[in-house]
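Notes follow once the structure below has been shown.
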Amino acid sequence: MRIPSAILTLIAGMALVLLGQWVANDVNWLPVSASTNAPVYDELFRVLLAIGTMLLVGMTGVVVYSLIRFRRRDGDQKDGPPVEGNLSLELFWTAIPAVVVLFLGIYSYDIYDRMGGMTDLNAHGMDHHVAELASVRQSQPGDEERIWGGIAPASGNEAVLPVEVTALQFAFVFHYPEQNITSGELHVPTGQAVELRLKANDVIHAFWVPEFRIKQDVIPGQPTVLTFTANRIGDYPIVCAELCGPYHGGMRSHVVVDEPESFATWVETNTPATLS
Ligand code: CUA
């Protein structure tokens with residue numbers, strides 16, 4: 001008895017969907033999640049992984065099947081059949097990717113919005129940040145300053161911890177303006193929004209903490225903010241993710257996430273003594 005090809009295709013499709021589901025839910029290629037952004041990002045990653053697995057296995061499967069099923073048999077010297085176009089197949093392979101790409105585009109936008117990416121960067125209340133960034137850059141009077149990109153704190157969030165980040169060949173330097181601490185490593189408490197104010201001194205760098213699922217380009221002359229809330233104690237790598245020169249590969253630091261009490265102790269021991 002021959003099983004109709006429509007049934008076989010249906011079974012193969014269902015197997016692919018189950019495989020994609022399994023890979024997305026049970027295979028974890030990501031590092032530990034240490035910020036409140038991470039679960040949002042991971043949700044998108046799982047969807048991408050499921051779709052990617054279905055496409056990879058499905059297309060590779062068809063190629064391997066065709067190699068075996070339609071191989072040249074011994075003594076076969078004929079040409080293959082002259083196939084010229086197949087409208088329904090062409091419609092199918094145009095419509096499916098169009099729907100998938102459109103869905104992923106809209107879904108990615110939604111994820112970025114949920115991470116705070118669509119908050120107005122130059123909203124009222126950010127003015128003082130702009131002014132501080134301007135003073136750091138020693139800009140000319142009248143030079144119109146604005147924040148160019150990144151993720152701003154939710155408006156009305158007064159509890160943010162500001163940290164100025166200077167990226168230069170080949171290091172990140174962290175400065176806590178309210179405590180007057182300068183440090184080569186970033187220290188943050190759990191459960192508090194941290195607002196990084198990034199600037200680059202020379203060339204384009206990128207600030208990346210895989211465990212926080214955040215990465216932000218830092219471009220000279222373009223003040224940028226990046227807000228996150230750490231929620232897991234630990235010591236995580238900070239990686240420059242933009243080729244910035246011969247020692248780009250060595251441009252690394254790390255972020256120490258502590259309980260608020262331990263963080264307060266770190267602040268206390270590192271705050272410079274005032275001469276008053
Ligand atoms: Cu800085 Cu790569």
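Start at 1 and go down the list; that is how both ligands and their atoms are numbered.
- Glu185 and His254 share a side-chain donor-acceptor pair at under 3.5 Å.
- Restricting His248 to its N, O or S atoms, the one at the least distance from atom 2 (Cu) of ligand 1 is ND1.
- Side-chain contact between Phe207 and Leu226: present, with at least one pair of heavy atoms (C-beta onward) separated by less than 4.5 Å.
- For His205, every N, O or S atom stays at 2.8 Å or more from atom 2 (Cu) of ligand 1.
- Glu242 contributes O as its N, O or S atom closest to atom 2 (Cu) of ligand 1.
- Taking atom 1 (Cu) of ligand 1 as the corner point, the angle from Cys244 atom SG to Cys240 atom SG is about 120° (rounded to 10 degrees).
- Only one option out of Val23, Leu18, Val17 pairs with Met54 in a side-chain contact (heavy atoms from CB on, under 4.5 Å); it is Val17.
- For atom 1 (Cu) of ligand 1, the set of nearby N, O or S atoms under 2.8 Å includes one belonging to Met251.
- One distance of note links OG of Ser183 with CZ of Phe172; it measures 13.5 Å at 0.5 Å rounding.
- Between Ser88 and Asn86, the side chains place a donor N or O and an acceptor N or O closer than 3.5 Å (distance only, hydrogens not considered).
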